[in-house]
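Order of appearance sets the numbers: ligands from 1, and atoms from 1 within every ligand.
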Amino acid sequence: MSAAGGSSAVLTVTVRAGGDAYDVLIGAGLLGRLGELVGGPATQAVVVCDENVAPLYLERVLSGLVSAGRRPSSIVLPPGEQAKTQATLALLYDRLYDLGVGRDDAVVALGGGVVGDMAGYAAATFLRGVDLVQVPTTLLAMVDAAVGGKVAVDYREGKNYLGTFYQPRLVVEDPDTLATLPEREVRGGWAEVVKHGLLAGGPTLELTESGAAHPAHPDPRLLEADVRFKAAVVGRDPREITGARAILNLGHTVGHAIEAAGAFAGYSHGEAVGLGLRAALWLSERLAGLDAREAVRGQELISAVGLPERLTGVAADDVARLIARDKKVAAGTAGFVLLESVGRPVAGMAVPAKLQSEVIAWLLNR
Ligand SMILES: NC(=O)c1ccc[n+]([C@@H]2O[C@H](COP(=O)([O-])OP(=O)(O)OC[C@H]3O[C@@H](n4cnc5c(N)ncnc54)[C@H](O)[C@@H]3O)[C@@H](O)[C@H]2O)c1
Ligand SMILES: [Zn+2]
């Protein structure tokens with residue numbers, strides 16, 4: 001248990017992206033201290049969350065803001081990816097306008113990646129930009145979505161089609177909030193944690209392996225290592241121009257195809273990425289010189305966090321076709337990300353069609 005306002009350690013990672021620098025604070029109980037942490041000039045702080053997070057954490061955040069002398073208000077959105085639309089965004093702008101939000105006020109995004117992306121996009125565009133504080137409450141958002149400054153909403157079939165880069169002023173991560181996260185969401189978040197572990201190697205991978213034993217309660221030091229890793233990659237390519245960010249696609253080429261082949265109703269993003277990471281390890285052994293023992297180590301880690309062992313309920317042809325489409329559409333991500341060894345990714349690897357078919361067959365039959 002950690003007391004609000006308590007003395008538990010706070011880990012800090014400074015993210016440098018272009019000319020911007022901001023801190024990610026990680027520590028149990030930080031949610032109760034948000035009022036004092038928000039900083040900046042904001043008199044009004046508008047907390048944006050969804051209907052699932054509101055009953056769990058909104059009250060605590062609002063009363064913390066009041067204690068710190070801020071004038072808080074809240075906007076509660078419908079939950080889920082299906083709400084990540086222009087229609088919800090319009091609702092958000094309406095409320096910000098009605099609340100009289102000005103350039104000195106702040107938007108606090110309290111929730112998973114959906115709320116972070118939507119509130120972030122609204123904050124980036126409302127009055128050409130108001131202060132944004134990201135308070136991620138899912139594992140995926142803590143290690144991935146809240147770090148790096150990408151904000152977006154979906155448009156028609158296009159995921160994240162309308163978006164921009166907008167760095168928050170602060171990110172506050174309270175691992176205690178993960179205690180209420182549904183198990184499937186925890187597992188999904190672990191796919192990105194495992195991805196970071198394989199890309200970073202070394203102590204980050206070791207922390208990932210020891211953390212896999214109790215997935216719902218990740219060690220704050222693991223969150224710190226993941227944030228530090230993503231921050232370093234993002235720092236080299238803040239606006240996704242140089243290609244340095246491409247390595248973050250490890251497992252995602254095959255993963256996206258599997259996700260889409262299940263018409264977004266079968267495998268969750270994280271489960272599909274878990275299978276994509278298995279495919280990347282298999283291909284890395286054949287094409288990038290990954291040592292067989294390291295490939296096994298990766299496969300065991302994916303199993304340890306409860307991600308799927310094999311592909312089911314999806315036609316191999318659909319996955320193959322969708323991989324080809326993904327390669328055509330996603331600019332700047334030509335080729336696969338593979339591993340020469342753990343901690344040594346290579347982007348832009350060509351994978352012959354025959355091997356693509358073989359790896360799908362392997363996923364189906366392993
Ligand atoms: N901006 C980026 O760089 C980036 C990176 C990766 C993913 N994303 C985006 O993130 C989104 C996925 O994020 P997500 O997986 O966090 O999904 P999400 O925001 O939909 O959250 C998952 C579910 O958990 C609930 N929830 C959130 N916190 C909770 C808590 N502490 N306790 C109980 N329930 C809780 C939510 O209401 C939701 O139902 C996608 O839209 C994706 O495009 C963005
Ligand atoms: Zn992902």
* Structure fact -> Of Asn52, Leu181, Leu248, Asp174, the one whose closest heavy atom lies nearest atom 24 (O) of ligand 1 is Leu181
* Asked: Minimum heavy-atom separation for Ala146 to Val171, with atom names?
  -> O-CG2, 3.7 Å
* Structure fact -> Closest non-hydrogen atoms of Val115 and Cys49, given as atom of the first, atom of the second and distance, are CG2-C, 4.0 Å
* Asked: Can Thr137 and Leu181 be said to form a side-chain contact (heavy atoms from CB on, under 4.5 Å), step by step?
  -> CA-CA 8 Å; Thr137 62; Leu181 195 62; over 6 Å; no
* Which atoms of ligand 1 have any heavy atom of Leu56 under 4.0 Å away? -> 32 (N), 33 (C)
* Is there a nitrogen or oxygen of Gly113 sitting under 3.5 Å from a nitrogen or oxygen of ligand 1? -> yes
* Pair Ser303, Arg278: side-chain N/O donor-acceptor within cut-off below 3.5 Å -> yes
* Please verify whether a non-hydrogen atom of Glu192 lies at under 4.0 Å from ligand 1. => no
* Pick from Val234, Val147, Asp144, Leu178: the one approaching atom 6 (C) of ligand 1 most closely through a non-hydrogen atom -> Asp144
* Atom indices of ligand 1 within 4.0 angstrom of Tyr57 heavy atoms, with elements -> 31 (N)
* To do: Can you sort out the partners of Arg239 under salt bridge (Lys or Arg N to Asp or Glu O under 4.0 Å), two or more places apart, ordered by chain and number?
  => none
* Asked: Hey, looking at atom 16 (O) of ligand 1, which of Asp50, Val151, Thr138 has the closest heavy atom?
  -> Thr138
* **salt_bridge(Asp98, Arg95) N-O dist < 4.0 Å** => no
* Asked: Tell me: protein heavy atom nearest atom 43 (O) of ligand 1, and distance?
  -> Lys159 NZ, 2.8 Å
* salt bridge (Lys or Arg N to Asp or Glu O under 4.0 Å) between Arg33 and Glu36, intermediate numbers included -> CA-CA 6 Å; Arg33 292 174 50 197; Glu36 65 189 83; 3.6 Å; yes
* Residue and atom name of the nearest protein heavy atom (relative to atom 30 (C) of ligand 1), distance in Å to one decimal -> Thr180 OG1, 3.5 Å
* To do: Among all protein heavy atoms, pick out the one at the shortest distance from atom 41 (O) of ligand 1; state its residue, atom name and that distance to 0.1 Å.
  => Glu81 OE1, 2.5 Å
* **N or O contact, Val114 vs ligand 1, cut-off under 3.5 Å** => yes
* Do the side-chain N and O atoms of Thr125 and Tyr93 include a donor-acceptor pair separated by under 3.5 angstrom? -> yes
* Going by heavy atoms, is Pro182 under 4.0 Å from ligand 1? -> yes
* To do: Distance to 0.1 Å, residue and atom name: give those for the protein heavy atom nearest to atom 7 (C) of ligand 1.
  => Leu140 CD2, 3.7 Å
* Asked: Counting each atom of ligand 1 from 1 as listed, which ones have a heavy atom of Gly112 under 4.0 Å away?
  -> 16 (O), 19 (O)
* To do: Ignoring hydrogens, just give me the one of Gln82, Lys150, His269 whose non-hydrogen atom is nearest atom 1 (N) of ligand 1.
  => Lys150
* Asked: Rounded to the nearest 0.5 Å, how far does CG of Leu11 lie from CG of Asp23?
  -> 12.0 Å
* To do: Provide, to 0.1 Å, the distance between atom 28 (N) of ligand 1 and the closest protein heavy atom, together with that atom's residue and name.
  => Thr137 OG1, 2.7 Å
* Asked: Taking only heavy atoms of Glu185, which atoms of ligand 1 are found under 4.0 Å from at least one of them?
  -> 22 (C), 23 (C)
* Asked: Are Asn160 and Lys84 close enough that a side-chain donor and a side-chain acceptor fall under 3.5 Å?
  -> yes
* Asked: Do you see a donor-acceptor pair shorter than 3.5 Å between the side chains of Glu259 and His252?
  -> no
* To do: Among all protein heavy atoms, pick out the one at the shortest distance from atom 9 (C) of ligand 1; state its residue, atom name and that distance to 0.1 Å.
  => Asp117 OD2, 3.5 Å
* Structure fact -> Protein-derived N, O or S atoms sitting under 2.8 Å away from the Zn ion (ligand 2) total 3
* Is there at least one pair of N or O atoms, one from Thr177 and one from ligand 1, spaced under 3.5 Å apart? -> yes
* To do: Indicate yes or no: does Glu271 engage Arg184 in a salt bridge with an N to O separation below 4.0 Å.
  => yes
* **Verdict with supporting geometry, Lys150 and Glu240, salt bridge (Lys or Arg N to Asp or Glu O under 4.0 Å)** => CA-CA 10 Å; Lys150 280 202 208 176; Glu240 212 163 36; 3.1 Å; yes
* Asked: Between Ala145, Gly188, Ser268, which one has a non-hydrogen atom sitting closest to atom 4 (C) of ligand 1?
  -> Ala145
* Structure fact -> Atoms of ligand 1 under 4.0 Å from any heavy atom of Asn160, numbered from 1 in the order shown, are 43 (O)
* Glu192/Lys195 ion pair, N-O < 4.0 Å -> yes
* Indicate whether the side chain of Tyr57 and that of Thr180 have a donor and an acceptor atom separated by less than 3.5 Å. => yes
* To do: State whether Lys159 and Glu81 are salt-bridged, where the test is any N-O pair (Lys NZ or Arg NE/NH1/NH2 against Asp/Glu carboxylate O) under 4.0 Å.
  => yes
